[in-house]
Amino acid sequence: MLLPALLFGLLLGTAAPASAHAVLRSSDPADGTVLRTAPRQVTLTFTESVGLLTDSFRIYDPGNRRVRTGPAGHAPGRSDTARVSLPARLATGTYTVAWRVVSADSHPVSGALTFSVSKRTAAPVAPPDPAENRATTALHTIARYLAYLSLALLLGTAAFVAYCRPPATAHLRVPALAAAATLLVSSTALYLLRAPYEEAAAPTTAFSLSALTHTATTRPGVLLLARLALLLLAVAGATLLRTRRLRLPRRATLGTAAVLAVALALTWSASDHASAGIQVPVAIVSSTLHLLAMAAWLGGLAALLWTLRHTPEPAGLPVSVPARFSRLAFVSVTVLVVTGVYQSWRGLGSWQALTDTTYGRTLLAKLAAVTALLLAAACSRTWTARLTRAAIPASASAPARVPEPATGPPLPDLPDLPDLPDFPDRPGLPEAPAGPPPAPAVPLRLLRRSVLLEATAAVLVMALTTLLTSTVPGRAATESARTTAAPAAGIPTASVTVIPFDTGAAGGRGKVQITLDPGRVGTNSVEAVIYGPDGGLAAVPELRVTLTLPAQRVGPLDTKVTDRGGYWSAPAFTLPLPGTWTMKATVRVSELDQVTVSAPVRVTR
C-alpha cells in the first residue's frame with residue numbers, strides 16, 4: 001500500500017501548478033486600454049478576498065525598466081481588491097503590470113496586464129510573473145497529499161477500532177503511530193514551505209525568521225499551527241495515560257476522540273475552497289463532514305485490510321467485524337454523496353463547466369474512481385451479508401428450553417458419581433459436545449481480494465481529491481472567461497481574452513492574450529501577445545486567430561494577424577453581428593508542434 005501512495009505523491013508533486021480559486025474580475029486601468037492621461041494608481045478587483053505579498057506588484061515602463069511604486073494595499077473596505085500607487089509622471093507608451101496575490105482559499109494566484117499612455121508601443125520584454133519554483137511546488141504538493149493520506153489513516157483506524165471492535169488491536173498500533181507521525185511531519189513541512197510557496201521562492205528560504213513570522217500572521221499559517229497544537233496535545237495526552245496506566249471511561253474516550261477529529265478536519269475545510277465563495281458557513285460544514293466520512297471509509301478500509309492480513313487463517317475473523325464495517329461504510333458513503341453533490345454544485349455552477357473547465361474534468365475523473373470504489377465495496381458488502389446470515393443458526397430465534405419440575409419442591413442434588421471410562425466406539429451413544437460451536441470464520445482469501453481492490457481505488461480517489469483542492473473551481477473559471485474590461489478615462493474599452501494552451505511538448509505551454517478593440521460590431525483592431533511557460537513574452541513562428549458565431553452559422557472569419565516583432569496584430573477586422581462568438585487561436589511553437597484552443601467572446605452593438 002505504501003508504494004502506490006508514494007508513486008501518486010511523486011506524480012502530484014511533479015505536476016504543473018494549477019490555478020487557484022481567486023480570479024481577476026476587473027482592473028483599473030483595464031487590460032489593453034489606451035489612456036489620454038497617466039493613471040495615479042492601478043487597482044485590481046478579484047472574485048474573492050485576497051492577501052497581499054511584499055512584492056505583489058511589479059510594473060515595467062516602455063523601456064523595460066521597473067517603475068518605483070508605493071506599497072500595495074486594499075481599497076477602503078474592500079478585501080477583494082489590490083492596488084498600488086504610481087508616480088506622478090509616466091512616459092508615453094505601453095506599461096506591463098505583473099501581480100501576485102494569495103486567494104482566500106490559501107493558494108497564490110498571479111497574472112499580468114498592460115495599459116498604454118497616449119498610444120500603444122511594443123510591450124516591454126520583461127517577465128510579467130515570477131516563475132514558479134518547481135522544487136517548492138513539488139515539495140508543497142507532496143506534503144499536502146501525505147497530510148490527507150495520514151489524516152484518513154489516523155481517523156479511519158480510530159473509527160474502525162471504536163465501532164467495529166476487532167478482537168485484537170495491537171497490530172493496528174504501528175500504522176496508527178505511523179499515520180500520526182506522518183501527519184505531524186507533513187503539517188510542519190507545509191508551515192515551513194508556506195512563505196516560499198506564496199512568494200515562488202526556493203525551499204531554502206523557508207527557515208528565515210521573516211518567512212516564519214509572516215506565515216504566522218496569515219490564516220493558513222494560523223490553521224497549520226492549530227493543527228500542530230492539536231496533534232501535540234493528543235500525543236501528550238496518550239503518552240500520559242500510557243505511562244501512568246490510566247484508562248478513561250469509554251464514553252469519555254469516544255467524546256474526546258470525536259472532538260479532536262472534528263477540530264483536525266476544520267483546519268482543512270477552513271483554509272480550502274469552502275472558505276471562499278458563496279454560502280461559506282454551509283460549505284465549511286459540508287466540507288468537514290465530507291472529510292470525516294472519507295476518513296472513516298477509506299482509513300477504516302485500510303485498517304480492515306491490515307487486520308485481515310494479521311488474522312491467522314485457521315481462526316479467521318469474526319463475522320461481526322466486517323459486518324460492522326459494512327454498516328460504517330454505508331453511512332459514510334451516504335454522507336459523501338450528499339456533501340459531494342452540494343460541493344460539486346457549488347464549485348461548478350453550470351453543467352457546461354463540467355466539461356469545459358479543468359475542475360470539471362478532474363471531478364469527472366474522481367467520480368469514475370469513486371464508482372469503481374463503490375462497485376468493489378458493493379461486492380464486499382454482499383459477501384459479508386451472506387456470511388452474516390450463514391453465521392446465525394436456525395434455532396437462534398427460539399429460546400433454549402431448560403428442564404424444570406412440573407410440581408412439588410425442587411429436586412434434591414444428586415450425589416457425586418465416580419468417573420466412568422470413555423467409550424468413543426460404542427454404537428448408539430453420541431458424544432456430548434465439549435462446548436458451544438465456534439463462530440463461523442470469514443474466508444480471508446476472498447475478503448482480502450475485494451478489500452484490496454477497494455484500497456487501490458481509494459488511493460486514486462485521494463490523489464484526485466488533492467488535485468481538486470488545488471484547481472480553480474468551474475464557477476470561478478467561467479466567471480473569469482466572461483470577464484470583459486470596463487470603460488476607463490472616457491475611451492471605449494477593449495475586449496481582452498486570455499486562452500491557455502499546451503502542445504504537450506517540452507516548453508509548449510503558455511497563454512495567448514487577444515485584444516479586440518473596441519469589441520463591438522463593426523471595424524476592430526486585433527492584437528495578440530504570447531506568454532511562455534515562465535510567464536515571459538514568447539515568440540512563435542505562426543499564429544492564426546479566427547472567430548465563429550455558431551448561433552447564426554457565421555464563420556470562421558480569419559483575422560489575418562501578422563507578426564509585428566513581439567506581438568501579432570491586424571489593424572482592421574470587421575465583426576458583422578453581435579452575440580457570443582467563439583474565438584479560436586492556433587499556436588504553432590515548432591515545425592511539428594501546434595495546438596488550437598478556443599474561448600467565448602461577447603460582441604456588443
Between L151 and L291, does the side chain to side chain contact (heavy atoms under 4.5 Å, CB included) criterion hold? Intermediate values first, please.
CA-CA 9 Å; L151 177 73; L291 187 59; 3.8 Å; yes
Counterpart residues, salt bridge (Lys or Arg N to Asp or Glu O under 4.0 Å), relative to R219 (two or more places apart)
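Scan of R219 (salt bridge (Lys or Arg N to Asp or Glu O under 4.0 Å), adjacent residues dropped) gives none.
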A cation-pi test, strictly: NZ or CZ of R144 under 6.0 Å from the centre of the six-membered ring of W268 and no more than 45 degrees from its axis. Yes or no?
no
Can you see whether Y163 has R324 sitting over its ring - NZ or CZ less than 6.0 Å from the centre and within 45° of the normal?
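Ring-cation test returns yes.
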Side chain of [X], backbone of [Y]: donor and acceptor closer than 3.5 Å?
| X | Y | answer |
| --- | --- | --- |
| T243 | T239 | yes |
| W306 | P175 | no |
| R100 | E198 | yes |
| R78 | S49 | no |
| T136 | A201 | yes |
| T169 | L172 | no |
| T215 | A211 | yes |
| T213 | L209 | yes |
| S287 | A283 | no |
| S56 | L52 | no |

Please test T217 against H214 for side chain to side chain contact (heavy atoms under 4.5 Å, CB included), starting from the C-alpha separation and ending with a verdict.
CA-CA 5 Å; T217 61; H214 170 73; 4.2 Å; yes
Can you name the closest pair of heavy atoms from [X] and [Y] and give their distance?
| X | Y | answer |
| --- | --- | --- |
| V102 | R194 | CG1-NH2, 3.7 Å |
| L153 | A179 | CB-CB, 3.9 Å |
| S186 | L183 | OG-O, 3.2 Å |

Approximate separation, where rounding is to 0.5 Å, of [X] [atom1] and [Y] [atom2]:
| X | Y | atom1 | atom2 | result |
| --- | --- | --- | --- | --- |
| S150 | L184 | OG | CG | 9.5 Å |
| L230 | L225 | CG | CG | 11.0 Å |
| L298 | L336 | CG | CG | 7.5 Å |

Is any side-chain heavy atom of [Y] closer than 4.5 Å to one of [X]?
| X | Y | value |
| --- | --- | --- |
| F325 | L328 | yes |
| L223 | R227 | no |
| L231 | L264 | yes |
| L301 | L305 | no |
| Y197 | L190 | no |
| P108 | V101 | no |
| T45 | D80 | yes |
| F207 | L212 | no |

Check the pair R250 / L254 against side chain to side chain contact (heavy atoms under 4.5 Å, CB included), numbers first and verdict last.
CA-CA 6 Å; R250 178 177 175 81; L254 294 179; 3.9 Å; yes
Can you tell me if S269 and T288 form a side-chain donor-acceptor pair at under 3.5 Å?
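There is such a pair between these side chains.
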Output field: ring centroids W297/F330 closer than 6.0 Å:
no
Would H74 and V50 satisfy side chain to side chain contact (heavy atoms under 4.5 Å, CB included), going step by step from the backbone distance to the final call?
CA-CA 9 Å; H74 294 289; V50 293; 4.2 Å; yes
